[in-house]
Asker: 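Would you mind keeping the following structure in view while I ask a few things?
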Amino acid sequence: MVEPDDVRVREAEGGVGVGVGERCITCADEAVRVEVLRLDGPERARCLADHGWIETVETALVGPVRPGDVLLVHAGVALVRLDER
Amino acid sequence: MSPPEVAAPAARERLVLERIAARRARPALFRDARIGLAHGAGGKASRDLVEGLFLPAFDSEALRQLDDAGRVHVDGLRLALSTDTFVVRPLQFPGGSIGTLAVHGTLNDLAVTGARPLALTASFVLEEGLEAAVLETEVSTMAAAARAAGVELVAGDTKVVERGRADGMYVCTTGLGRVDRRAHTSPRRLEPGDRILLTGPLGRHGIAVLLARGEFELDAEVASDTRPLWPAVDALLEAAGGRLHAARDATRGGLGSVLNELATASGVGIVVRERDLPADPVVAGACEILGIDPLYVANEGQLAAFVAPDRADAALAALRAIPGFSEAADVGEVVAGPPGLVQMDTAFGGRRVVDLLVGDPLPRIC
Amino acid sequence: MRFVDEFRDPALGRSLADAIRRLAAPGRAYKIMEVCGGHTHTIYRYGIADLLPPNVELVHGPGCPVCVIPMGRVDDAIAVARRPEVLFTCFGDMLRVPGGGGTLLDAKAEGADVRVVYSPLDALRLAERHPDREVVFLAVGFETTAPSTALTLRQARARGVANFSCLCNHVTIVPPLAALLESPDLRLDGFIGPGHVATVVGTRPFEFIPREYGKPVVVSGFEPLDVLQSVWSVLDQLAAGCAEVDNQYSRVVTRDGNPRALSALADVFELRPHFEWRGLGFISSSGLRLAPAWAEYDAERRYRLPGVRVADPKACQCGEVLKGVLRPWECKVFGTACTPERPIGTCMVSSEGACAAYYNYGRVARQGAAS
């Protein structure tokens with residue numbers, strides 16, 4: 001039987017090809033805005049991205065965060081904590 | 001008076017574009033030394049494999065049509081035959097399982113060819129060690145789906161392979177159908193002016209299976225859209241008859257692949273309007289995060305129909321009246337050219353090309 | 001919750017496009033380089049080139065960290081991936097980058113255990129789940145991505161994960177820009193600067209461009225309105241005859257960047273004396289490797305790499321395309337020997353590469369212009 005994957009380990013069995021329709025977010029230098037839902041350790045938070053997607057984010061590079069903070073995340077790491085505007 | 005730098009390269013650029021167009025028009029060649037996952041993705045590599053290896057070898061008129069089902073004429077009867085193998089991983093996912101796909105998938109290939117199903121066969125490759133409970137669940141799922149579609153399973157086969165192969169189980173189903181007397185569809189029948197109707201939002205199946213592979217946490221649900229499409233085809237045939245020029249379900253390779261295949265087969269162009277595509281916001285969000293284009297994600301319960309303009313409104317109304325198909329929309333139209341080119345008017349106002357898929361964004365999705 | 005819709009409003013897009021049209025002096029040709037792969041994607045995804053006047057041209061710069069990995073280093077990665085004990089992890093785009101003898105995807109088809117991850121933290125998690133395997137992460141990316149590698153290594157140490165190492169191919173953004181600006185055949189009027197690299201390094205490192213070369217730089221966000229507004233800003237500066245760094249992405253970017261991220265980079269990495277960029281040659285102080293204190297996680301030390309330098313194919317003109325000297329279709333092998341399915345050079349490899357982006361998205365817009 002296939003063993004279940006871990007939460008953040010999105011094992012594709014290779015084959016994520018390059019071409020139209022596929023894009024490597026990391027190499028395309030993209031970042032995603034997320035909202036902190038709850039803390040998951042001293043430097044980790046569970047965050048809500050657009051449209052209901054929840055993921056674990058490392059927050060060591062933005063300092064202490066609180067639920068409701070909005071972060072900019074790249075490759076699973078928060079790079080900026082956005083002020084309320 | 002155009003700036004000097006702009007005028008001179010234009011002629012050179014035209015040459016290059018013509019060269020690319022000529023290459024695209026060349027018959028496909030299969031030259032790879034090994035099979036890769038891309039060959040199963042429904043995109044360019046799949047096409048090269050089918051058109052470069054299988055077609056020349058098997059050399060039949062029916063196969064050359066590259067339709068979703070093979071047409072066989074017997075004593076004046078128009079029959080259709082379709083086969084599909086299901087290798088989805090994991091076996092069960094929100095909204096369905098390998099059993100549901102195995103029945104709906106083959107029946108839908110018959111349906112979009114305009115054929116009512118007559119009989120089904122099923123062939124199982126089982127992995128040593130597969131839990132009997134899992135097999136029993138899938139078998140009863142398949143039986144229920146077949147019954148609901150009014151189809152009998154008339155033959156089957158079972159093989160068992162050693163532990164470590166077959167990921168639990170693979171299922172192959174073959175369906176025999178009879179082409180409805182109202183149906184005259186073909187991938188080559190698209191004409192400029194035809195309107196393109198889509199039955200619902202894209203991407204639910206592919207994303208549901210992807211999410212089922214990991215313990216992703218989502219605030220909202222994504223479930224596979226696997227369902228029988230015959231009711232939709234029936235309604236389209238009733239409303240449009242022979243003015244339904246083609247229909248195809250958008251499985252592997254998604255809507256993007258379907259549009260490219262049909263534009264090429266008919267030698268026409270297609271323009272699809274992004275703002276008219278029915279969207280599932282959760283799927284859109286997941287695709288954005290993963291860097292996947294929903295146009296290429298597999299669906300198991302959506303079809304694209306190409307209807308002559310005089311019957312398009314009636315066809316769309318007929319679709320929307322079916323339970324579960326209320327989100328059907330008019331999403332684009334067939335144009336004269338450039339032949340084989342699919343473009344999209346973006347919601348932002350510009351235009352982009354929707355090309356044939358190259359790699360495989362989500363393997364083992366169906 | 002939707003963060004992005006206001007930056008995709010088509011009506012605002014049209015009015016920005018009109019403003020750009022009014023600013024662009026007729027009879028003058030403008031070439032603006034957008035450095036970052038993300039901007040290339042936005043431009044093609046939303047058809048932004050369609051909205052610009054014909055004398056304003058966007059040139060794609062060397063902002064694709066995948067594109068610029070030289071073939072010899074891809075061969076090194078493949079050599080590591082082929083080792084039976086190795087579970088090789090990388091980002092998606094790296095799979096199809098051709099080395100001297102094939103791609104990671106080919107190696108996978110031949111039996112190498114190669115897996116795509118979306119974050120180096122996922123690779124570390126794999127190492128913990130598979131203690132019997134040696135997990136290697138192929139680290140690529142600019143300063144936006146390098147901090148995630150740095151954090152991952154810190155966590156590897158903190159959690160005592162020994163079966164994990166990193167094959168580092170991180171590069172920095174400023175040196176190739178400086179190298180381009182020094183080229184005598186460069187013909188660019190301004191730059192759209194990398195928005196997310198700037199969240200880490202700030203806008204300060206780009207100030208040398210207006211100061212020493214007199215060209216405007218606008219650090220831009222990634223939504224279509226951001227890009228249009230940034231094009232407008234470049235033209236506005238040119239019209240006014242001034243040159244400075246304009247932070248269009250100020251909702252996210254500051255002048256000084258992220259000090260914690262910079263400190264993590266300084267801790268975990270050091271600059272290589274020089275690094276070879278595919279199509280651009282050797283550029284000094286442009287590549288990162290693991291600092292000596294992190295040697296135990298350095299795959300270059302853990303495994304013997306072939307380390308063979310493979311020259312760019314003679315037919316490949318990626319260098320000229322990257323410098324903005326050639327447009328994609330002007331390359332001799334574009335669309336024939338070099339296509340997205342069988343790429344020769346870096347510009348066709350990644351979907352953000354100038355040639356792949358043009359091949360897949362831009363053909364028809366240009367077809368209209370060319371006919």
Side-chain angles (χ1 to χ4, degrees), chain B residues 1-6 9-24 31-39 43-45 48 214 219 269 274-275 281 285 288-293 338 341-356 358-361 363, chain C residues 2 4 8-11 13-14 17 26-31 41-51 54-55 57 92-93 95-96 105-106 108-110 118 187 223-225 228 327-331 334-336 339-341 351 356 359-371:
Chain B
M1 163 91 178
S2 58
E5 282 200 323
V6 174
R12 212 171 353 163
E13 190 178 5
R14 196 170 26 233
L15 267 171
V16 173
L17 292 172
E18 279 164 22
R19 228 172 33 201
I20 296 181
R23 268 187 121 243
R24 281 166 66 93
R31 287 178 302 191
D32 300 307
R34 285 179 193 270
I35 296 300
L37 284 172
H39 290 109
K44 273 181 181 150
D48 289 344
D219 219 16
E274 185 176 26
R275 71 172 58 85
E288 183 135 353
I289 288 185
L290 296 171
I292 296 168
D293 191 335
L341 196 70
V342 178
Q343 298 174 69
M344 182 158 88
D345 281 339
T346 75
F348 191 68
R351 220 178 229 203
R352 57 165 272 220
V353 172
V354 178
D355 207 347
L356 255 187
V358 173
D360 186 354
Chain C
R2 302 191 62 94
V4 297
R8 298 181 185 175
D9 179 350
R14 276 192 299 279
R28 181 173 169 183
Y30 298 89
K31 277 197 184 185
H41 180 81
T42 298
I43 287 162
Y44 278 122
R45 159 87 177 74
Y46 294 95
I48 286 182
D50 276 354
L51 302 172
N55 58 335
E57 187 185 340
D93 264 14
L95 283 181
R96 291 181 61 246
L105 196 59
D106 293 334
K108 178 184 159 52
E110 288 159 20
Y118 289 91
R187 286 173 289 178
E223 295 301 325
L225 288 184
L228 281 176
R327 297 182 183 84
W329 67 90
E330 292 171 340
C331 167
F334 175 83
T336 51
T339 60
E341 309 95 89
S351 53
Y359 190 100
N360 291 320
Y361 289 109
R363 269 180 286 138
V364 175
R366 300 296 313 180
Q367 214 152 23
S371 52

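Scope of the values below: all heavy atoms of this structure, side chains included, with no hydrogens, waters or symmetry mates. Protein chains get the first letters and strands the later ones, always in sequence-line order, with residue 1 at the start of each.
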Asker: Hey, what do you get for CD (E274(B)) to OH (Y46(C)), rounding to the nearest 0.5 Å?
Answerer: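 The distance works out to 7.0 Å.
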Asker: Could I get the full list of side chain to side chain contact (heavy atoms under 4.5 Å, CB included) partners for A11(C), not counting sequence neighbours?
Answerer: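 Partners of A11(C) by the side chain to side chain contact (heavy atoms under 4.5 Å, CB included) criterion, ordered by chain and then number, come out as D9(C), R14(C).
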Asker: Relative to chain B, which segment of L228(C) carries a heavy atom at a distance below 4.5 Å: side chain, backbone, both, or neither?
Answerer: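 Just the side chain, heavy atoms under 4.5 Å.
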Asker: Between T42(C) and F348(B), is any pair of side-chain heavy atoms under 4.5 Å apart?
Answerer: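 Side chain of T42(C) against side chain of F348(B), heavy atoms only: no contact under 4.5 Å found.
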Asker: For I35(B) and A109(C), work out which heavy atoms get closest and say how close.
Answerer: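 Minimum heavy-atom contact is O-CB, 4.1 Å.
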Asker: Between A347(B) and P10(C), what is the shortest heavy-atom contact and its length?
Answerer: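 Taking A347(B) first and P10(C) second, the nearest heavy atoms are O-CG, 3.5 Å.
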Asker: Distance from R34(B) atom CZ to D106(C) atom CG, nearest 0.5 Å?
Answerer: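 Answer for the CZ-CG pair, R34(B) versus D106(C), is 9.5 Å.
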Asker: Pick one of side chain, backbone, both or neither for A33(B), based on which atoms fall under 4.5 Å of a heavy atom in chain C.
Answerer: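 Contact with chain C: none, neither part.
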Asker: Look at T336(C), I48(C), L51(C) and state which one has the largest set of heavy-atom pairs under 4.5 Å with chain B.
Answerer: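 Greatest number of close heavy-atom pairs with chain B: T336(C).
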